[in-house]
Undergrad: 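What follows is a structure written as structure tokens; I'll ask about it next.
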Amino acid sequence: MKGMVLIMKNSLVVYYSWLGNTKVVAEEIVKHMGSDIIRIKETKERKAGAGLAASALEAAIGMKSDLKPMDFEFEKYDNIFLGAQVWAGRSTPAINAFVKKANLHNKNVYLFITKANDKVPEKVIISLTERIRKKGGKVVDSFSITTKMDQVVSPESVEGQVKAWIEKLNKFR
Ligand SMILES: Cc1cc2nc3c(=O)[nH]c(=O)nc-3n(C[C@H](O)[C@H](O)[C@H](O)COP(=O)(O)O)c2cc1C
């Protein structure tokens, strides 16, 4: 594949995205790494407008949502790139449910997080790292990208940051 930074063997990009930003970042990672990709989906659709406040509240109280069945062999992968986002300063219900349910034993986890606030989402990173550790996984590194509330990020606007992150991970190995 043209422009690929590295092929990380046994890597899976798994992500949740309501507004589409984390999806763009997930696809950019795949473009530069050639890994498999799967989207975490909720059984109940979220409604724009009023759904925003309800969603923020769900995240604020640490709720877990019902997820659609995911048809893939998780066991096959050693490296999991987990794509999450910040709602109300916390992780989202879909990600909470996924982390609770997934077998993360012996997985190397690379977190990528999108958020509107330009600060690094330390609280969410620490909280997810701890939950993943309790499930037997290890967060090797994390990375975050700042998005805007009124428009979805373009692949071009995140490409440089994603490439730099993957290059950095490549040096770890
Ligand atoms: C319900 C809701 C609450 C949010 N709360 C925060 C927040 O507390 N801090 C923040 O930095 N961004 C917040 N955001 C912005 C999202 O983190 C940002 O738009 C992210 O890129 C969304 O990911 P997605 O487009 O993949 O769904 C919030 C977005 C939504 C929809």
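Just so you know, ligand 1 is whichever comes first in the structure, and atom 1 is the first atom listed for that ligand.
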Undergrad: Between Arg90 and Asn96, does any side-chain donor sit less than 3.5 Å from a side-chain acceptor?
TA: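 Side chains of Arg90 and Asn96: no pair found under 3.5 Å.
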
Undergrad: If you count the atoms of ligand 1 from 1 in the order shown, which ones are under 4.0 Å from a heavy atom of Leu52?
TA: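 Every atom of ligand 1 under 4.0 Å from some heavy atom of Leu52: 1 (C).
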
Undergrad: Would one find an N or O of Asn117, backbone or side chain, under 3.5 Å from an N or O of ligand 1?
TA: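 N/O-N/O distance under 3.5 Å: yes.
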
Undergrad: Write out the residue and atom name of the closest protein heavy atom to atom 12 (N) of ligand 1, then the distance separating them to 0.1 Å.
TA: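 Answer for atom 12 (N) of ligand 1: Ala116 N, 3.1 Å.
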
Undergrad: Counting each atom of ligand 1 from 1 as listed, which ones have a heavy atom of Trp18 under 4.0 Å away?
TA: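 With Trp18 as reference, the close atoms of ligand 1 come out as 24 (P), 26 (O), 27 (O), 31 (C).
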
Undergrad: Do Asn79 and Asn108 have a side chain donor and acceptor closer than 3.5 Å?
TA: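 Checked: Asn79/Asn108 side chains pair up, N/O donor to acceptor below 3.5 Å.
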
Undergrad: Start with the C-alpha distance between Arg46 and Glu58, add both sets of side-chain angles, then the distance that settles salt bridge (charged side-chain N to carboxylate O under 4.0 Å, His left out), and finish with yes or no.
TA: CA-CA 12 Å; Arg46 291 187 181 273; Glu58 287 179 22; 2.8 Å; yes

Undergrad: Is there a polar contact between ligand 1 and Ser55, counting only N or O atoms under 3.5 Å apart?
TA: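 By distance alone, the answer is no.
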
Undergrad: Does Glu27 come within less than 4.0 Å of Lys31, counting only side-chain N to carboxylate O?
TA: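 Salt bridge flag = no for Lys31 with Glu27.
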
Undergrad: For residues Arg133 and Thr129, is any side-chain donor paired with an opposing acceptor at under 3.5 Å?
TA: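 Result is no, nothing qualifies.
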
Undergrad: Taking distance alone, with N or O pairs closer than 3.5 Å, would you say Leu19 contacts ligand 1?
TA: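 It does: an N or O of Leu19 is found under 3.5 Å from an N or O of ligand 1.
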
Undergrad: Considering non-hydrogen atoms of the protein only, which is the closest contact for atom 15 (C) of ligand 1, and what is the distance?
TA: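 Minimum-distance protein heavy atom for atom 15 (C) of ligand 1 reads Met149 SD, 3.4 Å.
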
Undergrad: Can you report which non-hydrogen protein atom sits closest to atom 9 (N) of ligand 1, along with the distance?
TA: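 Closest protein heavy atom to atom 9 (N) of ligand 1: Val86 CG1, 3.5 Å.
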
Undergrad: Between Glu42 and Tyr16, do the side chains contain a donor N or O and an acceptor N or O under 3.5 Å apart?
TA: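 Side-chain D/A pair, Tyr16 to Glu42: present.
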
Undergrad: Among all the protein's non-hydrogen atoms, which is closest to atom 2 (C) of ligand 1, and how far away is it?
TA: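 Among all protein heavy atoms, the one nearest atom 2 (C) of ligand 1 is Trp87 CD1, 3.5 Å.
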
Undergrad: Would you mind running through ligand 1 and noting each atom that sits below 4.0 Å from a heavy atom of Gly89?
TA: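 Contacts of ligand 1 toward Gly89, numbered from 1: 7 (C), 8 (O).
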
Undergrad: Who are the ring pair (Phe, Tyr, Trp, His ring centres under 6.0 Å) partners of Phe143, not counting sequence neighbours?
TA: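 Ring pair (Phe, Tyr, Trp, His ring centres under 6.0 Å) check on Phe143 returns Trp165.
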
Undergrad: Distance only, no hydrogens: is a donor on one side chain within 3.5 Å (strictly under) of an acceptor on the other, for Thr146 and Asp118?
TA: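 No, no side-chain donor-acceptor pair sits under 3.5 Å.
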
Undergrad: Just checking Lys23: does its NZ atom have more than 12 heavy atoms from other residues, nucleotides or ligands closer to it than 6.0 angstrom?
TA: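 Atom NZ in Lys23 is not packed in, count stays at 12 or less.
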
Undergrad: Hey, does Lys148 come in under 3.5 Å of ligand 1, counting only N/O atoms on both sides?
TA: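 In this structure, Lys148 places no N or O atom under 3.5 Å from an N or O of ligand 1.
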
Undergrad: Looking only at protein heavy atoms, which one is nearest to atom 5 (N) of ligand 1, and how far off is it?
TA: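 So the nearest neighbour among protein heavy atoms is Ala88 N, 2.9 Å.
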
Undergrad: Distance under 4.0 Å to a non-hydrogen atom of Thr147: what atoms of ligand 1 satisfy this?
TA: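 Contacts of ligand 1 toward Thr147, numbered from 1: 18 (C), 19 (O), 20 (C), 21 (O).
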
Undergrad: Any nitrogen or oxygen of Lys23, side chain or backbone, less than 3.5 Å from one on ligand 1?
TA: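 Between Lys23 and ligand 1, no N or O pair is found under 3.5 Å apart.
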
Undergrad: Please list the nearest protein heavy atom to atom 23 (O) of ligand 1 with its residue and the distance rounded to 0.1 Å.
TA: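 Looking only at protein heavy atoms, the one closest to atom 23 (O) of ligand 1 is Thr114 OG1, 3.3 Å.
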
Undergrad: Taking the six-membered ring for Trp, are Phe74 and Phe72 closer than 6.0 Å centroid to centroid?
TA: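 So the answer is yes for these two rings.
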
Undergrad: Do ligand 1 and Gly20 have nitrogen or oxygen atoms that lie under 3.5 Å from each other?
TA: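 Yes, since at least one N or O of Gly20 sits under 3.5 Å from an N or O of ligand 1.
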
